[in-house]
Protein chains: 2
Amino acid sequence: MAGELALPDGVRSTTQRLAVLRAVAESTGSFTVAELHDRARRFEPRLGLATTYRTVELLRSTGGVHPLLGEGRPTYVRCRPEHHHHLVCTSCGGVEETELCAAPSESELQRRHGFRPAAHELDIYGTCRRCA
Amino acid sequence: MAGELALPDGVRSTTQRLAVLRAVAESTGSFTVAELHDRARRFEPRLGLATTYRTVELLRSTGGVHPLLGEGRPTYVRCRPEHHHHLVCTSCGGVEETELCAAPSESELQRRHGFRPAAHELDIYGTCRRCA
DNA sequence: ATAACTGCAAACGGTTTGCAAGTCT
DNA sequence: AGACTTGCAAACCGTTTGCAGTTAT
């Protein structure tokens with residue numbers, strides 16, 4: 001599968017970045033940068049917070065993580081390269097991915113609004129199976 | 001039409017809050033709190049920035065404004081109570097509303113994910129008519 | 001060898017908060 | 001009158017940045 005969670009081309013592979021990568025890879029829900037930093041430190045205790053910020057930005061630029069619309073502090077979720085959307089549980093904070101999608105078609109957006117869509121973001125908020 | 005842009009019940013109607021309300025009402029696209037503050041000051045020059053923050057939070061709690069997924073600083077858009085989504089122009093920053101929506105059905109989410117949706121958020125990014 | 005990367009700590013900037021004064025009901 | 005609201009300015013806190021030392025290539 002092309003495009004699995006990885007660093008952008010041309011950047012160096014360091015233990016710090018790999019630690020952040022592992023922490024993202026094992027994440028099951030949404031996380032803040034600080035939380036990610038804490039978890040990544042289990043792999044690389046000397047990891048600095050600034051480096052975590054810098055790495056998150058790297059991953060965001062390649063689509064490896066994705067910012068969520070948050071009430072409070074900015075949160076992220078791991079983001080697989082396939083097209084998908086997020087099911088955000090408002091009870092436990094967990095995030096599932098789903099490939100279900102039915103966004104308005106490009107032709108309809110063109111016809112109705114003269115708008116040419118490039119990307120879209122669908123987050124569904126509700127209650128997950130466990131919290132039901 | 002019930003639920004036009006308004007303050008929550010029980011809070012006092014002050015010139016400051018009305019000024020912020022007017023600034024939101026006349027907004028045509030996305031805005032940051034600081035921008036909103038500048039515009040609201042045209043109606044109430046003595047308006048403090050902290051009050052603008054407090055009022056935006058009030059409006060957010062009632063759905064009168066809606067935070068957008070931003071790269072940079074947090075931005076908001078005015079949000080009418082009817083169901084709708086946003087067409088965000090990545091060129092000029094303008095935001096249109098659209099009633100076009102085709103989110104996954106509740107039954108399909110239940111069946112496939114055991115997820116009970118309460119709300120969803122669809123923002124479409126692309127190029128608007130004028131910027132095309 | 002050398003350009004990229006990191007940790008540290010300071011700087012930054014947006015947001016929140018405490019409080020005394022003012023205002024709506 | 002009394003509770004709510006405001007402006008101000010300080011405090012707060014998440015994020016960014018400069019820089020000297022370190023590391024991947």
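Nothing here was measured: the structure is a model prediction, and the numbers come from that model. Here is how names work: the chains are called A, B, and so on, in the same order as the sequence lines, proteins then strands, and each is numbered from 1.
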Trainee: Is it true that a side-chain atom of R116(B) and a backbone atom of G126(A) form a donor plus acceptor pair closer than 3.5 Å?
Mentor: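 Answer holds: no.
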Trainee: Do the non-hydrogen side-chain atoms of Q16(A) and T52(A) ever get within less than 4.5 Å of each other?
Mentor: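 Not in contact.
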Trainee: Choosing from dA9(C), dA24(D), dT5(D), which nucleotide comes nearest the side chain of A50(A)?
Mentor: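 Side chain of A50(A) sits closest to dA9(C).
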Trainee: Can you tell me the distance, in whole Å, between the CG atom of L18(B) and the C1' atom of dC24(C)?
Mentor: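 Roughly 12 Å, once rounded to whole Å.
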Trainee: Nearest-Å distance, CD (E44(A)) to P (dG7(C))?
Mentor: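 Spelled out: CD on E44(A) to P on dG7(C) is 7 Å.
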Trainee: From C-beta outward on Q16(A), which listed nucleotide comes closest to its side chain: dA24(D), dT6(D), dG7(C)?
Mentor: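 The nucleotide sitting nearest to the side chain is dG7(C).
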Trainee: For salt bridge (Lys or Arg N to Asp or Glu O under 4.0 Å), just list the numbers for R42(B) and E26(B), CA-CA rounded to whole Å, side-chain angles, deciding distance to a tenth of an Å, and then say yes or no.
Mentor: CA-CA 12 Å; R42(B) 296 209 317 267; E26(B) 71 174 27; 3.0 Å; yes
Trainee: For L47(B) and dT23(C), give me the distance from atom CG to atom P, rounded to whole Å.
Mentor: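 Those two atoms, CG and P, are 14 Å apart.
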Trainee: Figure out the CZ/P separation between R17(A) and dT23(D), and round it to whole Å.
Mentor: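 Those two atoms, CZ and P, are 15 Å apart.
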Trainee: Rounding to an integer number of Å, can you tell me how far R46(B) CZ sits from dA21(C) C1'?
Mentor: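 After rounding, the reported distance stands at 11 Å.
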Trainee: Would you mind reading off the distance between R54(B) atom CZ and dT16(C) atom P, rounded to a whole angstrom?
Mentor: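 Value for this atom pair: 10 Å.
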Trainee: Could you go through the salt bridge (Lys or Arg N to Asp or Glu O under 4.0 Å) check for E57(B) and R60(B) one step at a time?
Mentor: CA-CA 5 Å; E57(B) 178 52 28; R60(B) 201 189 58 72; 3.1 Å; yes
Trainee: Tell me the closest heavy-atom pair linking L109(B) and P117(B), and the distance in Å.
Mentor: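 Between these two residues, the closest heavy atoms are CD1-CG, 3.7 Å.
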Trainee: Can you find a side chain N or O atom of S13(B) that sits less than 4.0 Å from OP1 or OP2 on dC24(C)?
Mentor: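 Answer is no, no contact under 4.0 Å.
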Trainee: Ignoring hydrogens and geometry, is there a side-chain-to-backbone donor-acceptor pair from T51(A) to L47(A) under 3.5 Å?
Mentor: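 Flag not set: sc T51(A) to bb L47(A) has no pair under 3.5 Å.
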Trainee: Can you check whether T14(B) has a side-chain N or O nearer than 4.0 Å to OP1 or OP2 of dT23(C)?
Mentor: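 False: T14(B) side-chain N/O out of range (4.0 Å or more) of dT23(C) OP1/OP2.
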Trainee: Can you tell me if T98(B) and H85(B) form a side-chain donor-acceptor pair at under 3.5 Å?
Mentor: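 There is no such pair (donor and acceptor under 3.5 Å, judged by atom type) between the side chains of T98(B) and H85(B).
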Trainee: Among residues 32-41 of chain B, which ones have heavy-atom contacts with DNA chain D below 4.0 Å?
Mentor: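 Correct list: empty, so none.
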Trainee: Can you tell me the distance, in whole Å, between the CZ atom of R60(B) and the P atom of dT16(C)?
Mentor: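 Distance check: R60(B) CZ to dT16(C) P gives 10 Å.
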Trainee: Find every protein N or O atom lying less than 3.5 Å from an N or O atom of nucleotides 1-3 of chain D, and list the pairs.
Mentor:
unit_1 : atom_1 : unit_2 : atom_2 : d
dA3(D) : N3     : R12(B) : NH1    : 3.2
dA3(D) : N3     : R12(B) : NH2    : 3.1

Trainee: In whole Å, what is the span from the CG atom of L58(A) to the P atom of dT16(D)?
Mentor: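 Going from L58(A) (CG) to dT16(D) (P), I get 12 Å.
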Trainee: Does the side chain of L18(B) reach to within under 4.5 Å of the side chain of S13(B), using non-hydrogen atoms?
Mentor: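 A side-chain contact under 4.5 Å exists here.
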Trainee: With a sphere of 6.0 Å drawn around CZ of R41(A), does it hold more than 12 non-hydrogen atoms of other residues, nucleotides or ligands?
Mentor: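 Counting other residues, nucleotides and ligands, CZ of R41(A) exceeds 12 neighbours.
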Trainee: Just compare dT25(D), dC5(C), dT25(C) and give me whichever is closest to any side-chain atom of V11(A).
Mentor: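 My answer, after comparing the listed nucleotides, is dC5(C).
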